[in-house]
Enquirer: 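So that we are looking at the same thing, I have put the structure below in structure tokens.
All heavy atoms count here, side chains included; hydrogens, waters and symmetry mates do not. Start at 1 and go down the list; that is how both ligands and their atoms are numbered. As the structure is a prediction and not an experimental result, all values here were calculated from the model. Starting from 1, each residue takes its place in the sequence as its number.
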Amino acid sequence: MKKGILLILTGASSVGKGDIRDLLMADQELHLFYSISMTTRPQRENEVDGKDYYFVDYEAFAQAVKNKELLEFAEFDGYYYGTPRKQIDFLLNSGKNVLIEVEAQGVGQIKLKHPEAVSVFVMPESIEELEKQIRKRYNDEASAMRRISKASVEMELAPLFVHQVKNTDPMQAKEQIKAFVTEAMEKE
Ligand code: 5GP
């Protein structure tokens with residue numbers, strides 16, 4: 001059976017990856033399955049355990065790392081995030097396309113095991129716009145500053161990606177990413 005396409009979506013903090021992800025998931029022609037990450041971050045009010053993330057405590061996360069259950073993992077703002085390996089292998093081997101949304105640190109670890117994956121770095125419209133978005137999302141100055149400084153480090157990783165997409169309009173960004181996935185599907 002033909003294997004599915006693995007699409008990795010990454011970019012700087014607060015660049016709007018979530019909106020693009022939702023549009024990609026809603027596009028029926030892409031038939032994407034979302035890889036649900038495991039995290040030690042506390043659950044937010046609007047989030048559902050087992051849908052947005054698997055929310056676990058530090059001990060359970062450490063156990064998953066020890067058992068080599070994660071394809072990659074990284075620390076972000078004091079919490080751990082990781083991609084469970086089993087669900088992805090199962091989906092790809094059944095010919096399904098899979099979307100992983102991760103912060104940029106995690107991409108290298110995934111590419112080592114899945115060099116054929118399509119990885120896309122989402123760029124902000126401008127650095128000023130990104131700072132504005134971060135300040136909108138994080139009211140307290142210390143958190144905003146931490147995210148802004150992390151975002152500037154993350155932006156330095158952008159040239160490593162063949163596929164870069166500017167998020168001026170999420171729908172347009174989605175269409176560009178769709179074209180990369182379609183091209184990979186045709187090549188298979
Ligand atoms: P948030 O806490 O806002 O949901 O996510 C914070 C950051 O963690 C985002 O940049 C998101 O892309 C990233 N992230 C979510 N899941 C994973 C994962 O499984 N692995 C890695 N490396 N990053 C993740």
Side-chain angles (χ1 to χ4, degrees), residues 6-25 32-58 60-65 67-89 91-92 98-114 117-124 130-131 133-140 142-158 160-161 163-165 167 170 173-174 177:
L6 181 60
L7 171 62
I8 311 169
L9 192 64
T10 192
S13 169
S14 303
V15 77
K17 296 187 294 266
D19 293 342
I20 300 174
R21 176 195 65 203
D22 292 346
L23 290 170
L24 285 163
M25 292 303 300
L32 282 165
F33 284 74
Y34 184 60
S35 156
I36 303 162
S37 296
M38 184 183 275
T39 185
T40 60
R41 168 171 71 63
Q43 188 170 350
R44 293 179 186 141
E45 225 169 69
N46 57 340
E47 290 178 327
V48 178
D49 188 22
K51 176 173 173 279
D52 297 291
Y53 283 105
Y54 297 113
F55 294 97
V56 297
D57 59 18
Y58 177 78
F61 195 95
Q63 196 59 47
V65 173
N67 296 344
K68 301 197 170 23
E69 289 166 24
L70 303 178
L71 179 58
E72 62 78 42
F73 68 96
E75 186 264 353
F76 185 86
D77 210 20
Y79 298 112
Y80 286 95
Y81 296 81
T83 307
R85 178 198 305 278
K86 229 180 177 172
Q87 62 180 5
I88 292 177
D89 288 346
L91 288 166
L92 290 176
V98 179
L99 169 62
I100 305 185
E101 188 220 309
V102 290
E103 50 69 69
Q105 270 186 73
V107 179
Q109 297 172 64
I110 303 175
K111 284 288 255 183
L112 276 177
K113 311 228 174 61
H114 294 274
V118 176
S119 51
V120 180
F121 193 96
V122 181
M123 302 280 287
L130 185 62
E131 282 201 27
Q133 291 305 323
I134 292 176
R135 290 195 188 279
K136 218 195 280 174
R137 204 175 284 188
Y138 302 96
N139 305 331
D140 84 287
S143 292
M145 284 312 293
R146 268 205 316 276
R147 301 268 171 162
I148 290 168
S149 102
K150 189 165 195 314
S152 70
V153 173
E154 286 163 337
M155 293 290 292
E156 286 172 17
L157 297 174
L160 298 175
F161 290 79
H163 300 308
Q164 293 177 26
V165 165
N167 189 16
K174 187 274 278 183
I177 298 169

Enquirer: Any sub-3.5 Å donor-acceptor pair from Q164's side-chain atoms to M123's backbone N or O?
Expert: no
Enquirer: Is it the case that the side chain of R85 and the backbone of K68 share a donor-acceptor pair, with hydrogens and angles ignored and the cut-off at 3.5 Å?
Expert: yes
Enquirer: From the options E101, E72, E103, select the one whose nearest heavy atom is closest to atom 23 (N) of ligand 1.
Expert: E103
Enquirer: So which bit of Q105 gets within less than 4.0 Å of ligand 1, heavy atoms only: side chain, backbone, both or neither?
Expert: neither
Enquirer: Can you label the angle between the Y80 ring and the Y58 ring as parallel, tilted or perpendicular, going by 30° and 60°?
Expert: tilted
Enquirer: Considering only heavy atoms of K17, which atoms of ligand 1 have at least one such atom less than 4.0 Å away?
Expert: 10 (O), 12 (O)
Enquirer: Give me the atom names and distance for the closest heavy-atom approach of F33 to M25.
Expert: C-CE, 4.0 Å
Enquirer: For Y81, does the six-membered ring have the charged nitrogen or CZ of R41 within the cation-pi criterion, i.e. under 6.0 angstrom from the centroid and within 45° of the normal?
Expert: no
Enquirer: With a 4.5 Å cut-off on side-chain heavy atoms, are S35 and Q87 touching?
Expert: yes
Enquirer: Can you report which non-hydrogen protein atom sits closest to atom 3 (O) of ligand 1, along with the distance?
Expert: R44 NH2, 3.3 Å
Enquirer: Mind checking whether S13 has a heavy atom under 4.0 Å from ligand 1?
Expert: no
Enquirer: Using side-chain heavy atoms (C-beta onward) and a distance below 4.5 Å, is I148 in contact with R135?
Expert: yes
Enquirer: Considering heavy atoms of the protein only, find what lies nearest to atom 5 (O) of ligand 1 and give residue, atom and distance to 0.1 Å.
Expert: Y53 OH, 3.4 Å
Enquirer: With a 4.0 Å heavy-atom cut-off (strictly under), which part of R41 contacts ligand 1: side chain, backbone, both or neither?
Expert: side chain
Enquirer: I need the nearest protein heavy-atom contact for atom 19 (O) of ligand 1: residue, atom name and distance, please.
Expert: S37 OG, 2.7 Å
Enquirer: So is A74 polar-close to ligand 1, meaning N/O to N/O under 3.5 Å?
Expert: no
